[in-house]
Number of protein chains: 2
Amino acid sequence: MFSHSEENYLKVIHNLELTNSKNVSTTLIANELQTKASSVTDMLKKLADKKLVNYEKYKGVTLTKQGEIIALNVVRKHRLWEVFLVDKLNFNWDEVHEVAEQLEHIKSDQLIDRLDAFLNYPTKDPHGDPIPTKNGKMPLDNSILLSDAHADIVYEVSCVKDNSKSLLQFLDKHAITINSEITIVDKFDFDDSMTVKLSNGILLTLSNKVSANVFVNLK
Amino acid sequence: MFSHSEENYLKVIHNLELTNSKNVSTTLIANELQTKASSVTDMLKKLADKKLVNYEKYKGVTLTKQGEIIALNVVRKHRLWEVFLVDKLNFNWDEVHEVAEQLEHIKSDQLIDRLDAFLNYPTKDPHGDPIPTKNGKMPLDNSILLSDAHADIVYEVSCVKDNSKSLLQFLDKHAITINSEITIVDKFDFDDSMTVKLSNGILLTLSNKVSANVFVNLK
DNA sequence: ATATATTTTTAGACTTGTCTAAATTTAAAA
DNA sequence: TTTTAAATTTAGACAAGTCTAAAAATATAT
């Protein structure tokens, strides 16, 4: 079994491998975990001893197969708990992160299997992120960033990239949620902002900061 | 906020205050927590510094008001999670303890309030133990031990004193559960065993070890 | 290509919670 | 009441995870 801390490191490394380059740096991990680079180095050595990461001094890390399995399992638990919190306990999507950060470390395969069944085997969490399967597969889809999408085509919101309270609350306020219909009406080179139309006809101007954090799919 | 370890100590001290004398000894705590007496001494000093226990060298401890409030809150969370596991995730009553031991330390008032509502404000856990209220009151009832009950009176099982797997599975096997009807037919002085009749007419002989761990109420 | 800045690692320290072994106190028995 | 036994505490050590400050390696800029 692995400690909360080890699980957190693996999860964050996995996350950074997806969003950044394949090779993850010490500082990047330190930022993500709100800790110091020296602490990260210490932990990377420990994880390397346990064959959970490939670590070479000054060269950054990658997860081993074993490390990835554990990371995906933590992500799976995190996202299943988020579904529970939103679907069953009526939490809002911007309120679930901190609690799920705790719940993801509960150790019981039976618990997570039964929770999965209770929730009816969801495939996405409340932010649209895919829930890894029990055997460690991460379902991928062909979403693109709204900022890369084209005008006059009907898309639907599939996922939110940045799960920060501020973005989620912004989207809430404008009634944009997972599966919302959205069409780009106009794009502005000056600041990469865009005007979009929602299914209720409302027109909205979104900054690049927003559109670069929302994934969409063809409707 | 308090650590898992501190919460566990407070919970165990509270428990021992109820079942044993008002004043709890170091060794008793050590046994309950599967740890060493010297570790307990260390922690008692720490808890005393934080005004959570009244501790005098060589004299044992009692909880302060503050300590009791925290202990009851941990018990509340433990028991609510047990209800969730049994009622919603179909766990058996002998399978919930270890998982609830982990879940009881999740820190979120909002979570526990909503869980309480989701479960419809239960007042007892799956073993019949009362769930402390949000403001730290432990509902008591007038149950007595089956071993102290009288013959030829119809009782119902209200609570199980010892939540060990072995007892719970024994009771399961004989279809004795919370709210089961039970009547003492005969008591034997020799070994304090008794013959009881269940509502389905089945006769059963129970050792004192069993009857001294089952609470009953007048029907 | 050399100087400067940034990143990463090391060394040593601290905290929390635990342990063993020895010393001390309290309780029980002869 | 004195001796023996049991319970409790102290002292010193250890592991996990973190930190600061300084040293070493790498990357950047002129």
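First the proteins, then the strands, lettered A, B, ... as listed; each starts at 1.
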Expected list for residues 52-59 of chain B: side-chain donor-acceptor pairs under 3.5 angstrom, two or more places apart:
| residue | atom | partner | partner atom | Å |
| --- | --- | --- | --- | --- |
| B/Asn54 | OD1 | B/Thr62 | OG1 | 3.1 |

Query raised in the report: Are the aromatic ring centres of B/Phe84 and A/Phe84 under 6.0 angstrom apart?
Result: yes
Report task. Using a 4.0 Å cut-off on protein heavy atoms (strictly under), produce a 5'-to-3' string for nucleotides 9-22 of chain D with B for base contact, S for backbone-only sugar-phosphate contact, and - for none. Result -> BB-----SSBBB--
Query raised in the report: Given atom CG of B/Leu47 and atom P of C/dT18, what is their separation to the nearest angstrom?
Result: 11 Å
Query - Axial cation check for A/Tyr9 ring with A/Lys46, 6.0 Å and 45° limits - result: no
Query raised in the report: Is A/Lys107 paired with B/Glu101 through a side-chain N to carboxylate O contact shorter than 4.0 Å?
Result: no
Report task. Apply side-chain contact (heavy atoms from CB on, under 4.5 Å) to A/Ala117 and list each qualifying residue two or more places apart in sequence or on a separate chain. Result -> A/Tyr121
